[in-house]
Every structure is written in structure tokens, then in C-alpha cells.
Number of protein chains: 2
Amino acid sequence: MPTIKDIAELANVSPATVSRVLNNSGYVSSAARKRVIEAIEKTNYVPSEHAKSLRTKKTQVIGVVMPRLSTETSSRVVHGIDKVLSAKGYQILLATSDLSPEKEIDQLRLLQSKQVEGIIFLATNVSENLQKELSELETPLVALGQDLPGVSTVLYDDYHAACDVVDWFLAKGHTKIGFIGVSAHDEAVGRKRRNGYQAQMNEAALPVEKSWMQEASFDIESGYEATRRMFKESTTTPTAIFAVTDRLAVGAMEYIKQAGMSIPEDVALAGIGASEIGKYVTPPLATVDYANEEAGMKATNLLLDHISNGDNSHKKFVMPYGLLARDSLG
Amino acid sequence: MPTIKDIAELANVSPATVSRVLNNSGYVSSAARKRVIEAIEKTNYVPSEHAKSLRTKKTQVIGVVMPRLSTETSSRVVHGIDKVLSAKGYQILLATSDLSPEKEIDQLRLLQSKQVEGIIFLATNVSENLQKELSELETPLVALGQDLPGVSTVLYDDYHAACDVVDWFLAKGHTKIGFIGVSAHDEAVGRKRRNGYQAQMNEAALPVEKSWMQEASFDIESGYEATRRMFKESTTTPTAIFAVTDRLAVGAMEYIKQAGMSIPEDVALAGIGASEIGKYVTPPLATVDYANEEAGMKATNLLLDHISNGDNSHKKFVMPYGLLARDSLG
DNA sequence: ATAAAATGTGGAATCGATTCCACACCAGTA
DNA sequence: TACTGGTGTGGAATCGATTCCACATTTTAT
């Protein structure tokens with residue numbers, strides 16, 4: 001591995017001059033520049049970013065912390081982030097938290113030690129420790145998807161989206177509406193969407209049988225099971241089901257079909273997420289489009305603003321969402 | 001941002017001693033160690049990885065270059081990579097090439113300058129320039145999915161998988177089998193799978209009408225269009241279609257349904273990739289499971305071997321695949 | 001013609017860690 | 001008593017770049 005010194009010797013100049021060529025700064029005669037460039041090409045020289053960062057404090061790297069990579073939502077978000085970042089010459093240092101609160105904090109530290117210039121943080125849990133860590137963090141950070149106090153965040157409008165889904169059903173005349181949610185530890189998906197559902201049912205003065213509200217995890221299989229439980233346990237069975245994610249809804253769809261009922265005639269169905277799968281199941285799944293890619297882009301732009309302007313204000317940005325009424329609605 | 005010097009002063013020791021505490025190396029009295037640890041905690045000190053890497057040449061970062069992130073295949077692969085890497089304390093520096101050959105090379109250079117300890121490379125194009133770049137690269141590298149000469153690779157068995165898909169149809173008595181492929185610039189998906197199809201049709205002495213072979217890009221919509229063309233242009237229409245990816249197959253499915261034909265009675269269908277979507281469309285799509293996550297893990301382990309053993313041999317590893325015969329087959 | 005400004009270049013300090021080496025101290029042993 | 005060997009510590013070089021400053025040389029302006 002050649003260093004700047006080797007190039008300097010080869011080109012018969014000082015390291016300082018090589019550096020000037022590298023950075024297009026200061027004065028360099030065209031003769032010297034030519035010799036340096038030749039030396040660089042001959043040796044396949046690549047400057048060490050570490051030495052550079054050590055001196056300049058710039059790394060051109062943004063850290064991204066997310067619970068898991070292998071979901072459609074995540075990859076859309078990362079794609080949005082990458083789109084903005086790669087255009088500006090930044091790279092992504094990826095850190096996954098595996099849904100573990102301690103690991104989220106560890107990763108935050110690790111990224112800090114790697115001197116990333118900013119962090120985009122998709123949290124799931126919002127613990128005490130996490131908030132403490134965040135408040136001590138010097139690196140600019142933007143949260144996405146969960147409302148973290150004291151930091152800039154790009155949020156989805158979970159509450160109103162959930163209300164709108166329930167409204168869909170109400171408008172079709174449904175009164176017995178089931179709900180498949182996830183753990184309330186997840187503030188956004190677990191709590192807010194449930195709140196929206198409950199608020200809307202209350203508003204409409206509709207009673208909700210206990211078994212109509214089921215809790216699942218995040219996979220299709222779990223949506224299937226939740227639906228099975230719902231139908232087994234209910235005295236009056238729902239005529240519509242709102243699942244908080246498309247995957248859960250697809251699971252519900254599987255159960256309903258297997259149980260010999262038809263969608264939307266016997267049971268109407270809707271999810272949230274606008275996942276690709278929902279578009280191609282039969283019937284197509286009504287859902288809410290969260291514009292994940294745009295959210296990723298938005299968060300990145302916000303972060304870059306913080307970095308360049310040294311702007312420390314805490315902005316909250318709520319993403320608009322789109323309603324995709326499809327056949328599963330009736 | 002405190003540095004090792006600040007800690008040293010606070011703890012009344014030299015930087016050397018702080019370093020010893022940090023790395024658990026050499027002799028440190030328990031009194032000194034205690035003072036150092038306290039100073040670290042008090043100041044929230046995080047050592048600079050840049051300074052460290054500059055000195056030690058170790059970064060604990062692996063670069064991953066891939067064409068795009070927002071596909072199910074990619075995220076499965078990255079997930080596999082991450083699983084192995086995070087267990088060993090490595091991090092992932094992500095670089096996307098956006099399907100552009102020049103960008104693939106740029107990213108390779110950039111990763112090198114960031115001193116990554118190894119690179120996992122998912123290429124699409126296999127150009128001259130790329131091969132030159134790879135041969136000059138000093139960083140250990142493992143390619144995944146495309147056969148690059150002169151480097152270790154983890155490969156999918158595209159040719160035989162394609163043969164097996166055609167065999168499915170042959171076994172069901174189909175003789176008119178259509179094919180939806182992608183550009184031959186993509187060696188693995190474009191060329192090898194097509195070769196498998198053609199070889200098998202030849203073997204069975206079955207004629208292939210020109211319009212039965214259509215070229216598409218990678219999205220569902222494009223599969224739809226390719227199928228439309230196939231049916232419009234053919235004098236005899238196929239009774240079975242092999243699409244080289246599940247997404248293309250789903251597009252084909254859409255067209256076939258919309259044209260009023262039924263699957264598998266009028267047209268049988270199969271894809272490759274075992275994407276989740278294929279499992280939940282109606283009818284479920286027959287496909288080939290490529291074990292992407294395992295491939296990512298395999299590639300990572302191979303890479304780590306190279307790194308730790310300084311092992312420069314070029315291993316080729318072909319992943320086994322699984323056949324998922326589902327209802328779309330008939 | 002002479003002062004002032006622009007151009008080119010190298011020396012050396014610097015960033016924040018690690019690590020070799022020298023040195024000091026305190027046992028235990030011959 | 002003197003010598004070994006294990007402990008504990010700090011000084012200083014080092015990694016590979018950037019950048020300030022000083023200095024030399026040329027060009028331009030007055």
C-alpha cells in the first residue's frame with residue numbers, strides 16, 4: 001500500500017504538494033501536478049481515509065441504526081436514505097439492533113466512535129436509558145418512525161391513518177370491526193394505531209368485544225393465528241378486520257380463505273404499509289401508503305441540514321400518507 | 001470530544017496507561033485502572049476509531065457492494081451477512097452500485113480507501129474494467145451470485161435450477177413452454193438461466209417459437225408486459241411459462257388472469273427466488289428457493305477465513321437450492 | 001525601477017490513538 | 001549482598017494524511 005510519501009518521492013515533490021493535488025487546493029504548477037498524477041496512477045495509490053479523517057474530522061459517513069434489514073419497510077427506507085446520501089458522496093455505515101434495546105445503545109456508541117457525521121435512527125423501543133444516551137450524544141441525529149423527545153424526527157401519522165382505516169369500514173356500514181395489533185412496546189405501530197382504532201370505534205359508539213382485539217408479532221403466520229383466535233373466541237364474529245401491517249393482513253386473509261369465507265363479502269380487510277405483496281394477493285388488499293422511501297429521504301435531508309448548519313433545533317416532521325382503497329374493502 | 005490525553009490528565013497517568021486499560025494489555029495497577037475507568041465514565045469518552053485504525057490497520061468494517069437494496073433478495077443477503085458479522089463485532093459499510101458498471105468500480109475504490117478489511121461484492125455486470133480493478137485490489141474480496149474469475153465466489157446454481165424448472169413442466173406433459181428472461185448482460189440471471197431453459201428444450205427436442213422467449217427488466221410490471229407480448233405475437237400460445245424471477249412470474253400471473261385464462265389449467269407458471277409474495281398469490285407460485293440468507297452467511301465466512309488466514313486461494317462454492325412445487329404448476 | 005501581489009514549494013506541527021523501550025521499584029533467591 | 005525477574009509507568013516514535021507558515025520566485029501595477 002503506497003502512502004502519500006511514496007508518491008511524493010516518485011514525483012519529486014513534497015507530501016504537501018501531493019496533498020494539494022489531491023484536494024485541488026492552493027498553488028501547484030502544472031508540471032508538478034502532472035508528475036504527481038502519473039505517480040498516483042502508476043502505483044494505484046488510494047489515500048487513507050483514516051489519516052484524512054483524523055486530521056480533518058470529516059468522514060463522509062452516516063450511520064444508520066435499524067431494527068432489522070430484511071423487511072420491505074426497512075429496505076425502502078434505506079433506499080431513500082441512500083439515494084440522498086450517495087448523491088452527496090456520503091456512505092452508509094449500517095448497524096442493526098435486532099429489536100434489542102441494549103443493542104440499540106451499543107450501536108449508537110459504536111457509530112460515535114467511528115466518527116460518523118450523523119445518525120439516522122429507526123428505534124422501536126423508547127426506553128429511559130435510550131433517552132439518556134441520546135441526550136448525551138454529540139453526533140447529529142434524526143429519528144424516523146418513533147417520536148423521540150429532544151431530537152428531530154420524521155414521523156408517520158399512525159393515529160390518523162388508523163382512524164381512516166376504521167372510517168373505511170364504517171362508511172361501508174360495518175359495525176363489528178376486529179383489530180390485529182402488535183405489542184404496545186412499539187409506540188408507533190403498537191400503541192398509536194391501536195389508539196386510532198379505539199378512538200374511532202368509541203366515536204361511532206360501537207361496542208368492541210374483547211376477542212376482537214388480538215395481539216400478534218410481525219409476521220404473516222402470526223396474523224393467521226391472531227385471526228384464528230379472533231374467530232374462535234368471539235361470540236359475534238367481526239365482519240371486518242383491521243390489521244396494523246399488511247403482512248398481518250395477508251395472514252388474516254389466509255385464515256379467512258381457508259375457513260371457507262370470502263373477502264370482502266363475509267369479512268372485509270385492510271392493512272397498513274402498501275407492501276408489494278398486498279397488491280397481488282386476491283383480492284388486492286386495501287392499505288395505507290406510508291411513503292417509506294420519501295420518509296428516508298426526508299430524514300436524510302433533515303440530518304444533512306443539521307450537519308451543515310450546525311442547526312440544533314428539534315424539528316418534527318409528519319409524513320403525509322395515501323389511502324389505497326382496494327377490493328378487500330368491499 | 002475528550003481524547004486519550006484528557007483522560008490521562010484526569011486520571012493522573014500517561015496516555016500509554018490509558019491505552020493499556022482500554023485494550024486490557026500490559027501491566028496496570030488496579031489503582032490506576034480504577035482512576036482511568038472513572039475518568040472515562042465521567043467524560044463519556046469514546047476512543048477515536050480513526051486514530052486507532054491508522055495505527056493498527058484494523059477497522060472492523062466490511063464493505064458490501066450491491067446493485068440495489070430495495071429488493072427482497074438483497075435484504076435477505078445483507079441479513080445473512082449481518083448475522084455473521086455482528087456476532088464477530090464487525091460492521092457493514094454499505095455501497096450501492098445502482099446497476100452501473102462505473103459505479104461498481106468507484107465504490108470498490110472508495111471502500112478500499114476506507115480501509116475496510118474485506119469486501120463482499122454482488123456484481124451484475126462482469127466487464128473488462130471490473131476484472132482489471134479486481135485483480136489489482138489488495139483487499140480480500142468474495143463475490144456473490146456472479147462468477148468472477150480470480151476471486152472466491154459463492155454462486156447459485158442458475159443453470160441447473162433453470163433446467164429443473166423446465167423439467168417440472170415437461171413432467172406435466174407441457175411441450176409449449178414460454179420463457180421470460182432478462183438481459184444477457186446479467187451473466188447469472190440473464191444468461192445462465194436462459195441457457196438452462198434452452199438446453200432442456202433442446203434435449204427434449206421441443207421447438208421454441210421465437211415469440212416464446214421474451215426479455216423483461218426486473219419488476220412485476222415488466223413481467224406483465226412480456227407476457228402480453230408473448231401471447232400477442234405467438235401463433236401457437238404456450239401452455240406453460242418459466243419466468244426467471246418470481247416478480248416477473250407474478251406479473252405474468254396478472255396478465256394471464258386479466259386475459260381471462262386460469263392458472264394452472266390454461267397456463268402453468270413458475271419462477272425463481274422463493275419470494276414471499278409468491279407464496280400468497282393465487283394460486284401459490286411454484287419457485288426455486290435460493291437460500292439467499294445462507295449464501296450471505298457463506299460468503300461472509302469465506303471472507304473472514306481469507307482475512308484471518310491470509311488465505312488467498314480462490315474458492316468457488318455453489319449453493320444448493322430447493323424446489324418449491326406449488327399450485328401454479330398444475 | 002521598485003514595490004506589491006500572485007504563484008509555487010517544502011518543512012514541520014498536528015490529529016488521537018498504540019507500542020516499543022527504558023527505567024524504577026519490589027519481591028524472592030543464590 | 002547482589003542479582004534476577006515480575007510489575008508498573010511514562011517518553012517518544014509512529015501511522016498517513018492536512019495545513020500553517022516561511023521562503024523563493026515570478027508577475028503585475030505604479
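These figures come from a predicted structure and were not determined experimentally. Just so we're on the same page: letters track the sequence lines, and every chain starts at 1.
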Exam field: side chain Ser100(A) to backbone Lys103(A), donor-acceptor pair closer than 3.5 Å: yes
Would you kindly give the CG-to-P distance between Asn12(B) and dG8(D), to the nearest whole Å? 18 Å
Hey, could you give me each pair passing ring-ring contact (aromatic ring centres under 6.0 Å, His included) that has a residue in residues 52-71 of chain B? Not counting sequence neighbours. none
Bend across the helix from dA1(C)-dT30(D) to dA30(C)-dT1(D), to 10°, with axes taken over 5 pairs at each end? 50°
Please list residues of residues 30-44 of chain A whose heavy atoms come under 4.0 Å from any atom in DNA chain D, ordered by number; otherwise none. none
Any residue meeting side-chain contact (heavy atoms from CB on, under 4.5 Å) with Pro149(A), in chain and number order, not counting sequence neighbours: Gln131(A)
Result block: side-chain N/O donor-acceptor pairs under 3.5 angstrom for residues 83-94 of chain B, not counting sequence neighbours:
| unit_1 | atom_1 | unit_2 | atom_2 | d |
| --- | --- | --- | --- | --- |
| Lys83(B) | NZ | Glu293(B) | OE2 | 2.8 |
| Ser86(B) | OG | Asp82(B) | O | 2.9 |
| Tyr90(B) | OH | Glu117(B) | OE1 | 3.4 |
| Gln91(B) | OE1 | Lys114(A) | NZ | 3.2 |

Does the side chain of Ser48(B) come under 3.5 Å of the side chain of His50(B) through a donor N or O and an acceptor N or O? no
Taking atom types as modelled and ignoring hydrogens, do the side chains of Gln146(B) and Asp186(B) form a donor-acceptor contact shorter than 3.5 angstrom? yes
Using a 3.5 Å distance criterion without hydrogens, assess whether the side chain of Ser313(A) forms a donor-acceptor pair with backbone atoms of Lys315(A). no
Is there any salt bridge (charged side-chain N to carboxylate O under 4.0 Å, His left out) pair reaching into residues 27-40 of chain A, and which pairs are they, with sequence neighbours excluded? Lys34(A)-Glu38(A)
So, using ring-ring contact (aromatic ring centres under 6.0 Å, His included) as the criterion, who are the partners of Tyr156(B) when residues are at least two apart? Tyr290(B)
Could you write out each protein N or O paired with an N or O of nucleotides 3-6 of chain D at a distance under 3.5 Å?
none

Pick out the pairs of N or O atoms, protein on one side and nucleotides 11-21 of chain C on the other, that lie under 3.5 Å.
| unit_1 | atom_1 | unit_2 | atom_2 | d |
| --- | --- | --- | --- | --- |
| dT14(C) | O2 | Arg55(A) | NE | 3.4 |
| dT14(C) | O2 | Arg55(A) | NH1 | 3.0 |
| dC15(C) | O3' | Lys57(A) | NZ | 2.9 |
| dG16(C) | OP1 | Lys57(A) | NZ | 3.0 |
| dG16(C) | N2 | Ala51(B) | O | 3.3 |
| dA17(C) | OP1 | Tyr45(B) | OH | 2.8 |
| dA17(C) | OP1 | Ser48(B) | N | 2.6 |
| dA17(C) | OP2 | Ile4(B) | N | 2.2 |
| dA17(C) | OP2 | Tyr45(B) | OH | 3.4 |
| dA17(C) | O5' | Tyr45(B) | OH | 3.4 |
| dT18(C) | OP1 | Asn23(B) | OD1 | 3.3 |
| dT18(C) | OP1 | Asn23(B) | ND2 | 3.0 |
| dT18(C) | OP2 | Ser19(B) | OG | 2.6 |
| dT18(C) | OP2 | Asn23(B) | ND2 | 3.3 |
| dT18(C) | O2 | Arg55(B) | NH1 | 2.1 |

Once salt bridge (charged side-chain N to carboxylate O under 4.0 Å, His left out) is applied, do any residues pair with Asp147(A), and if so which ones, sequence neighbours excluded? Lys316(A)
Cut-off 3.5 Å, no hydrogens considered: what does the side-chain donor-acceptor table look like for residues 18-30 of chain B, sequence neighbours left out?
| unit_1 | atom_1 | unit_2 | atom_2 | d |
| --- | --- | --- | --- | --- |
| Ser19(B) | OG | Asn23(B) | ND2 | 3.3 |
| Arg20(B) | NH1 | Thr17(B) | OG1 | 3.4 |
| Asn23(B) | ND2 | Ser19(B) | O | 2.9 |
| Ser29(B) | OG | Ala32(B) | N | 3.2 |

Kindly write out the residues that satisfy side-chain contact (heavy atoms from CB on, under 4.5 Å) with Glu128(B), not counting sequence neighbours, or none if the list is empty. none
